[in-house]
Amino acid sequence: MIQALFSYKRDLNLESTIATTMTAVIIDGKKIAEDIKREVKRETEKLNADKGITPGLAFILVGDNPASQAYVRMKGKGCEEMGFYSITERLPAETTQEHLLQLIDKFNRDPNIHGILVQLPLPKHISEEHVLTAIDYRKDVDGFHPINVGKLVIGQECLKPCTPLGVQELLVRSGNDPSGKHVVVVGRSNIVGKPVLNILLQKQKGANAVVTIAHTGAKDTSQYTRQADIVIAAMGRPECITGEMIKPGAVVIDVGINRIDDTTAKNGYRLVGDVHFASAAAVASAITPVPGGVGPMTIAMLLRNTLLAAAGTLYHE
Ligand code: GUN
């Protein structure tokens with residue numbers, strides 16, 4: 001973890017300028033993800049030596065969304081680092097749902113493939129629900145299959161979504177165990193908001209939190225976030241959570257990755273989170289940066305899920 005000093009000036013009622021200086025801990029997701037990857041690599045070598053199993057992960061990418069292409073590339077690189085077998089099927093945006101379902105069926109039956117990941121979003125003519133349900137739930141390393149969603153809700157062992165698992169690991173490994181804390185999640189997506197709620201509220205180690213979800217239906221989001229010991233920002237809107245919305249000393253986890261135009265940047269854009277970093281860091285006790293916070297954790301947890309799926313110990317039916 002890095003200690004950083006932030007100077008942040010706030011104009012209050014245009015009358016006075018208060019200079020706030022505060023030391024916030026930056027939670028280093030890159031480092032924590034590297035620690036997890038080392039553990040996964042060690043376990044993978046053991047699985048290989050003991051049982052002759054090499055984890056195999058199939059990626060399916062439909063269309064040419066640049067962000068999705070970059071994510072799949074990074075996930076594939078992670079597989080290589082772990083010594084996994086991986087294959088990426090890149091399909092044109094016009095691919096039919098039937099063709100995609102046939103490909104999923106092929107991977108469902110392939111004994112060398114233990115995990116299947118269909119990168120989202122899918123083109124509009126393809127039903128996400130249909131596609132995700134077609135994946136064998138024992139190979140569902142994203143944790144999006146309705147069987148896994150149901151198991152997560154009732155606290156049964158299962159494959160769980162990677163980004164929420166990454167958030168939980170970040171909290172625990174940075175010394176901010178959520179147990180007994182009030183966690184306020186902003187955003188109710190199926191990928192982050194809902195599963196992070198279901199993970200953190202379980203009566204289990206590294207969880208056992210009191211969890212609130214705020215979303216676009218809330219009249220005043222800050223009314224909720226100001227009560228939080230831990231704020232998890234996951235609504236996909238750049239820099240919306242500001243320092244004024246955070247209780248002094250709270251922990252802030254920023255799940256957002258947004259590209260915003262920046263003419264001074266070489267590629268014309270820069271990445272920002274859902275949190276306004278400078279103002280939030282001035283009041284928080286700890287905060288994740290973007291990039292280098294939750295992002296690397298998602299990949300680390302995908303690799304761990306693939307190892308779990310390959311080991312075949314999660315499901316007993
Ligand atoms: N698109 C954005 N996040 C994710 C994710 O975690 N998994 C998949 N499959 N697609 C995504």
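For ligands, and for the atoms within them, numbers begin at 1 and follow the listed sequence. None of these values were measured; they are calculated from a predicted model.
- The distance from ligand 1 to the heavy atoms of Leu117 drops below 4.0 Å at these ligand atoms: 9 (N).
- Considering only heavy atoms from C-beta on, Lys37 comes within 4.5 Å of Met82 through its side chain.
- Residue Asp142 has at least one N or O atom closer than 3.5 Å to an N or O atom of ligand 1.
- The distance from the CD atom of Glu34 to the NZ atom of Lys41 is 11.0 Å, given to the nearest 0.5 Å.
- The closest approach between Tyr71 and ligand 1 stays at or above 4.0 Å for every heavy atom of the residue.
- Ranked by closest heavy atom to atom 1 (N) of ligand 1, the top entry among Asn65, Val255, Leu120, Leu132 is Leu120.
- Among all non-hydrogen protein atoms, the one lying nearest atom 11 (C) of ligand 1 is Gln119 NE2, 3.4 Å.
- Between Thr212 and His182, the closest side-chain pair of non-hydrogen atoms falls below 4.5 Å.
- Distance alone, capped at 3.5 Å, places no donor-acceptor pair between the Asp142 side chain and the Cys162 backbone.
- Residue-ligand proximity, Val118 to ligand 1, at heavy-atom distances under 4.0 Å covers atoms 8 (C), 9 (N).
- Each of Val185, Asp254, Ile232 was evaluated against Val167; a single residue qualifies, Ile232, per the side chain to side chain contact (heavy atoms under 4.5 Å, CB included) test.
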